[in-house]
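Presented below is the structure to which this report refers.
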Amino acid sequence: MAAVVAATVVSMPTAHAQPADEALKTYTELTHHAEKLTQDHLKAQGDLTKAKTIVGLATEAEKKALAESEQYRGQVDVLTTASFEGARLGNLSAFLTSTSQQDFLERMQAMNIIASDHNAAVARMNAKLNAAQKARSDATAAAAAAEKLVTDVSARKAEMDQQVAAARTKYQSLSAPQKQTLATTGPKVTVNAPAGAAGKALDFALSQQGKPYVFGSNGPDSWDCSSLTQASYRAAGVSIPRVTYDQAKIGRAVGRNEVAPGDLIIYYSGQSHVAMAVDSVRAVHASTEGIPVKVANIDSIGPISVIRRVVG
């Protein structure tokens with residue numbers, strides 16, 4: 001994708017040589033690609049954090065299993081010593097050294113108990129050693145995955161930075177009227193949001209109208225599309241994932257004719273953009289750089305991939 005974008009940027013005529021609407025179209029395409037790469041980078045960062053957590057948990061599991069195996073090893077050693085000292089006698093020895101039938105039975109019972117305890121302790125110790133070995137294997141695999149993700153995060157960030165820079169450069173080539181049109185929010189929309197978490201989330205999202213979009217921003221002074229929807233539901237006491245790809249999986253899917261306030265609308269086949277439904281016609285979203293958070297017609301934002309109802 002980076003190669004295609006680079007070729008597009010290099011081969012692009014100067015702003016003076018192309019029509020104004022073509023320049024705006026190119027800017028829109030560049031920002032769309034930049035938004036997708038931003039989501040890719042954020043997801044890779046999240047995956048890396050999870051991988052590091054798994055490494056830590058697996059390492060702790062190994063330490064715990066080894067410590068418990070040592071505890072059982074002590075029991076095994078004690079019982080083994082007891083056996084060497086003659087606590088475990090054969091049936092004949094027990095019979096020959098017994099002073100009575102009752103004494104014989106008691107000796108046999110004691111030997112059986114010691115043997116049973118010894119076998120159980122050995123089994124427990126082996127189980128803990130096996131658990132420690134598996135934990136070590138899990139930690140090694142998780143560490144390798146985390147190391148690969150470090151490289152992946154770096155690569156995606158470099159690709160994202162290149163694309164964002166291309167979009168910002170193209171924005172500077174737009175005319176003043178074009179920039180002013182992009183920056184226009186129109187009258188701020190207010191609604192009587194429904195009760196419940198979805199309504200509270202919508203209230204928060206609408207309160208952010210006019211704030212700027214910044215690629216990868218997490219608020220509170222600027223947003224990208226998915227950080228706005230995440231913060232909106234967080235304000236309503238509901239935790240949702242950071243990136244659009246994961247937001248496209250939460251809650252339950254609803255049809256276009258069922259859309260309700262607070263629903264998340266995921267756009268494009270790559271699921272790289274998200275907006276929040278205001279009603280059955282409008283949605284509030286952080287669009288792209290140069291365009292503040294505002295309300296737009298749901299179907300005008302882009303091709304809809306999926307609509308998710310987070311609560312209810």
Side-chain angles (χ1 to χ4, degrees), residues 27-28 30-46 49 156-157 160-161 163-165 167-168 171 179-191 193 197-248 250-251 261-268 270-278 282-298 300-302 304-305 307-308 310:
Y27 171 68
T28 301
L30 289 173
T31 57
H32 174 63
H33 288 311
E35 182 174 47
K36 182 182 186 305
L37 291 174
T38 300
Q39 293 293 322
D40 289 345
H41 176 240
L42 289 168
K43 180 168 175 53
Q45 285 182 311
T49 299
R156 289 182 184 277
K157 186 178 188 308
M160 175 192 72
D161 288 345
Q163 182 64 72
V164 169
R168 287 172 175 166
Y171 176 79
K179 291 179 181 177
Q180 184 175 4
T181 298
L182 290 175
T184 300
T185 60
K188 287 190 176 181
V189 173
T190 59
V191 297
K200 291 179 180 177
L202 178 57
D203 277 338
F204 181 91
L206 290 174
S207 74
Q208 303 304 298
Q209 289 176 86
K211 288 189 177 180
Y213 178 110
V214 175
F215 292 110
S217 178
N218 244 337
D221 299 320
S222 60
W223 305 97
D224 69 12
C225 65
S226 56
S227 68
L228 175 61
T229 50
Q230 183 190 44
S232 297
Y233 268 101
R234 183 169 57 241
V238 178
S239 176
I240 68 172
R242 171 65 175 87
V243 297
T244 55
Y245 311 132
D246 295 329
Q247 290 183 10
I250 61 175
D263 287 349
L264 298 185
I265 307 166
I266 314 296
Y267 292 90
Y268 305 107
Q271 299 185 327
S272 57
H273 188 70
V274 60
M276 180 181 293
V278 175
R282 300 171 296 174
V284 57
H285 70 137
S287 176
T288 191
E289 284 197 7
I291 304 176
V293 175
K294 64 180 182 179
V295 173
N297 180 281
I298 288 175
S300 71
I301 294 173
I304 296 173
S305 171
I307 302 174
R308 308 296 297 191
V310 180

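All residue numbers in this chain count up from 1 along the given sequence. Here the structure is a predicted model, which is why all the values come from computation and not from measurement.
In summary, the side chains of Q247 and S226 do not present any donor paired with an acceptor at a separation below 3.5 Å, with no hydrogens or angles considered. Remark: the S305 side chain and the Q271 side chain contain an N/O donor-acceptor pair separated by less than 3.5 Å.
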(request) Give the intermediate values and the outcome of side chain to side chain contact (heavy atoms under 4.5 Å, CB included) for residues E289 and Y171. (result) CA-CA 9 Å; E289 284 197 7; Y171 176 79; over 6 Å; no
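Side-chain atoms of R234 and F204, non-hydrogen and from C-beta on, never get closer than 4.5 Å to each other. Considering only heavy atoms from C-beta on, F215 comes within 4.5 Å of T288 through its side chain. Proximity of L202 to V278: side-chain heavy atoms (C-beta onward) are separated by under 4.5 Å at one or more points. Side-chain contact between V293 and H285 is absent, with no heavy atoms from C-beta onward closer than 4.5 Å. Put simply, the side chain of Q163 reaches to within 4.5 Å of the side chain of L30, judged on heavy atoms. Counting only heavy atoms from C-beta outward, the side chains of I265 and I301 never approach each other to under 4.5 Å. Within the 4.5 Å cutoff, the side chain of T244 has heavy atoms near those of the C225 side chain. T31 is not listed as a side-chain neighbour of Y213, based on a closest heavy-atom distance of 4.5 Å or more.
Looking only at distances, no side-chain donor or acceptor of K211 sits under 3.5 Å from a matching main-chain atom of A286. Judged purely by atom type and a 3.5 angstrom limit, Y233 has no side-chain atom pairing as donor or acceptor with the backbone of A197. No donor-acceptor pair under 3.5 Å is formed between the side chain of S222 and the backbone N or O of V214. No donor-acceptor distance shorter than 3.5 angstrom exists from the side chain of Q209 to the backbone of K294, with no hydrogens or angles considered. At least one donor-acceptor pair under 3.5 Å links the side chain of R308 to the backbone N or O of I250.
When all heavy atoms are compared, the tightest approach of A205 to L228 is CA-CD1, 4.4 Å. Of all heavy-atom pairs spanning G210 and P292, the tightest one is O-CB, 3.6 Å. Among all heavy-atom pairs drawn from Q208 and P220, the shortest one is OE1-O, 3.8 Å.
For the atom pair OG1 (T38) and NE2 (H33), the distance works out to 12.5 Å, reported to the nearest 0.5 Å. Residue E35 holds its CD atom at 7.5 Å from NE2 of H32, rounded to the nearest 0.5 Å. In this structure, CG on D40 lies 14.5 Å from NZ on K157, to the nearest 0.5 angstrom. In this structure, CD on Q230 lies 7.0 Å from OG on S239, to the nearest 0.5 angstrom. Taken from CG in D246 to CG in L42, the straight-line distance is 10.5 Å, to the nearest 0.5 Å. A distance of 12.5 Å separates CG in D263 from OG1 in T229, rounded to the nearest 0.5 Å.
Classification of D224 and R242 as a salt-bridged pair holds, one side-chain N sitting under 4.0 Å from a carboxylate O.
Applying side chain to side chain contact (heavy atoms under 4.5 Å, CB included) to V243 and the options Q45, H41, K43 leaves one that passes, K43.
Taking the six-membered ring where tryptophan is involved, the planes of H273 and Y267 are tilted, since the angle between them lies from 30° to 60°.
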